S.K.: 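This is the structure I want to talk about, given as structure tokens.
From a predicted model like this one, the values you see are computed outputs, not experimental measurements. Naming convention: chains lettered A, B, ... in sequence-line order (proteins, then strands); numbering from 1 in each chain.
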2 protein chains.
Amino acid sequence: MARAAKHRRQLIETAMRLFREQGYASTGLQQILAESGAPKGSLYYYFPGGKEELGRAAIELAGDKILEMLRGVEKRHPADPIAFVRVYGKTMAGWMAESGFQSGCPVATTLLETVPASPEMTETGNRVVDAWVEVISRVFVAAGVRPREARTRGEQVLASMEGALLLARVRRSTRPILDVAKTIWS
Amino acid sequence: MARAAKHRRQLIETAMRLFREQGYASTGLQQILAESGAPKGSLYYYFPGGKEELGRAAIELAGDKILEMLRGVEKRHPADPIAFVRVYGKTMAGWMAESGFQSGCPVATTLLETVPASPEMTETGNRVVDAWVEVISRVFVAAGVRPREARTRGEQVLASMEGALLLARVRRSTRPILDVAKTIWS
DNA sequence: TTGCGACTATGACGATTGGTCTATAAGAAG
DNA sequence: CTTCTTATAGACCAATCGTCATAGTCGCAA
């Protein structure tokens, strides 16, 4: 084993980036292989399930990155939903602008494309989203909102942000994201 | 012109449905041709720009359908944003459930996939979205919100709904949509 | 050292489908 | 019968994803 499956990691990271920028179906394995530097055979060695399994791995990695970011924001504002969402929004807006409005939500595009045809992907998507909502909800709970309602709030915040990311991409502007970030009420 | 370009219309309608359910890149022209019943040659006769031009036409048609729906809701609740959003959400939730969570926003998937690579599509997407926001904003204005702020509110409502549609698809539940519909504040 | 076997890793191949274009058929008008 | 527009089928090549037979590499026993 050449150093803990280096190619495996490279494949996932490249796939994550390309799926995020171009979408799942529009991105060919060829491009992923070329840009990752991994050989063709490795793909089906590490991912017997082919493109879809690679897609799930990419979603999971992307989910972890976002989760890490959310936890970082939570650490700064553990009990202040308004501040939390503002920073969350600013972070996403920053990523969006840096990439020339190419890197939106790393999972939205892929999920929209693959969920209709794949129960496994749906399951993976749910797990990822759940983890995000959990963090956001925690902030509401810490602010005194009842757990049950906090969860609903968490989903609402996430929905708004996801929608804003979509609009931002079409509009080529961070405006929709920053607007949403200002709209969380008590 | 044989009967007002019947095949042209069939192509657009079929494309709209398939793009909505499966995504843009995942849907082959072959399938569109087969399900629409239009002959193969017709596609490049009616859409010299190929798949992308057909995609734009599909987005525009879908945009019109949603616009028509929004105007219908506006007619029922011309100056009551809360009621407006509730009915808007119920309608989308109904469509979603009917289709087994396959028919989400008819433009979101296609836009996410194509916008990064196509300025024309971006332009089309913007026009469609603008038209929606205009209707939603009008309701806020009628309720006494200043025009400028009303527009921001309109975009926020749209963003929330789009995000909710995404979540609904992953969760296979109308819950996120209905939750959002309850969250519009004064 | 040498040989063997098991596990890791890989590039060449193939069947299929992708979107696109061109040469021609069908139909109306003169 | 010709001419122009409308409309169409089929050929086109590149790219798709997936499979397979084989090459490399390590530990271990003879």
Side-chain angles (χ1 to χ4, degrees), chain A residues 1-19 21-59 109-110 113-121, chain B residues 1-19 21-59 109-111 113-121 124:
Chain A
M1 173 169 32
R3 276 203 246 130
K6 176 183 66 164
H7 285 158
R8 190 187 137 89
R9 212 172 33 84
Q10 290 175 338
L11 279 170
I12 300 179
E13 278 173 5
T14 307
M16 178 183 72
R17 179 173 53 81
L18 292 176
F19 288 162
E21 290 171 6
Q22 311 176 340
Y24 176 80
S26 320
T27 303
L29 295 180
Q30 211 169 322
Q31 189 184 7
I32 299 176
L33 292 170
E35 299 201 12
S36 72
K40 173 113 195 210
S42 305
L43 206 160
Y44 282 84
Y45 174 68
Y46 291 119
F47 305 96
K51 192 183 189 181
E52 203 199 293
E53 191 177 338
L54 176 59
R56 286 199 301 269
I59 291 276
T109 313
T110 304
E113 291 180 74
T114 54
V115 152
S118 161
E120 292 93 342
M121 191 63 96
Chain B
M1 176 165 29
R3 277 173 265 147
K6 176 184 64 162
H7 285 158
R8 190 187 136 89
R9 211 171 36 83
Q10 290 175 336
L11 279 171
I12 300 178
E13 279 175 3
T14 307
M16 177 182 73
R17 180 172 54 81
L18 292 176
F19 289 162
E21 291 172 3
Q22 310 178 341
Y24 176 80
S26 319
T27 303
L29 294 179
Q30 211 168 323
Q31 189 184 8
I32 299 175
L33 264 338
E35 300 202 12
S36 72
K40 174 130 199 190
S42 307
L43 207 159
Y44 279 81
Y45 174 68
Y46 291 118
F47 305 95
K51 192 183 188 181
E52 203 198 293
E53 190 176 339
L54 177 58
R56 286 199 300 270
I59 291 277
T109 312
T110 304
L111 282 182
E113 290 181 74
T114 53
V115 152
S118 163
E120 293 92 342
M121 190 64 94
T124 304

S.K.: Just verifying a value: how many Å separate A/Ile59 CD1 and A/Leu54 CG, rounded to the nearest 0.5 Å?
M.R.: 10.5 Å
S.K.: To the side chain of B/Tyr45, which of C/dT20, C/dT10, D/dA7 is closest?
M.R.: D/dA7
S.K.: How about A/Ile12 and A/Phe47: do any of their side-chain heavy atoms sit closer than 4.5 Å?
M.R.: yes
S.K.: Would you say B/Glu21 and A/Pro116 make side-chain contact, with heavy atoms under 4.5 Å?
M.R.: no
S.K.: Round to a whole Å and report the spacing from NZ of A/Lys40 to C1' of C/dC13.
M.R.: 10 Å
S.K.: Indicate whether OP1 or OP2 belonging to C/dA9 is found under 4.0 Å from a side-chain N or O atom of A/Tyr46.
M.R.: yes
S.K.: So if I take every side-chain heavy atom of B/His7 and compare against C/dT20, D/dT8, C/dA12, which nucleotide ends up nearest?
M.R.: D/dT8
S.K.: At their closest point, which heavy atom of B/Leu43 faces which heavy atom of B/Leu33, and how far apart are they?
M.R.: CD1-CD2, 3.7 Å
S.K.: Kindly indicate whether the side chain of A/Lys51 and the base of D/dT16 share any N or O donor-acceptor pair separated by less than 3.5 Å?
M.R.: no
S.K.: Roughly, in whole Å, what's the span from CG in A/Leu54 to P in D/dG18?
M.R.: 10 Å
S.K.: Heavy atoms within less than 4.0 Å of DNA chain D: which residues of residues 23-39 of chain A have one? Give them sorted by number.
M.R.: A/Thr27, A/Gly28, A/Leu29, A/Gln30
S.K.: Any non-hydrogen side-chain atom of A/Gln10 less than 4.5 Å from a side-chain atom of A/Glu13?
M.R.: no
S.K.: Grab the CD-C1' distance between B/Glu53 and C/dG19 for me, whole Å please.
M.R.: 14 Å
S.K.: For B/Thr114, check side-chain contact (heavy atoms from CB on, under 4.5 Å) against everything at least two apart and list the hits.
M.R.: B/Tyr24, B/Thr110, B/Met121
S.K.: For the helix from C/dT1-D/dA30 to C/dG30-D/dC1, what is the angle between the axes at its two ends, each from 5 pairs, rounded to 10°?
M.R.: 30°
S.K.: Check whether any side-chain heavy atom of B/Ser42 sits under 4.5 Å from a side-chain heavy atom of B/Arg8, and report yes or no.
M.R.: no
S.K.: Of all the heavy-atom pairs spanning B/Glu52 and B/Ser118, show the shortest one and how long it is.
M.R.: OE2-OG, 2.8 Å
S.K.: For C/dT10, does OP1 or OP2 lie under 4.0 Å from any side-chain N or O of A/Ser42?
M.R.: yes
S.K.: Expressed in angstrom and rounded to an integer, what is the separation of A/Leu11 atom CG from C/dA9 atom P?
M.R.: 12 Å
S.K.: Please report the distance, rounded to the nearest Å, between CZ in B/Arg8 and P in D/dT6.
M.R.: 14 Å
S.K.: For B/Phe47 and D/dT8, what is the distance between atoms CZ and C1' respectively, to the nearest whole Å?
M.R.: 15 Å
S.K.: Taking atom P of C/dT22 as reference, at what distance in whole Å does atom CG of B/Leu43 sit?
M.R.: 16 Å
S.K.: Grab the two heavy atoms, one from B/Thr14 and one from B/Ser36, that are nearest each other, plus how far apart they are.
M.R.: OG1-CB, 3.2 Å
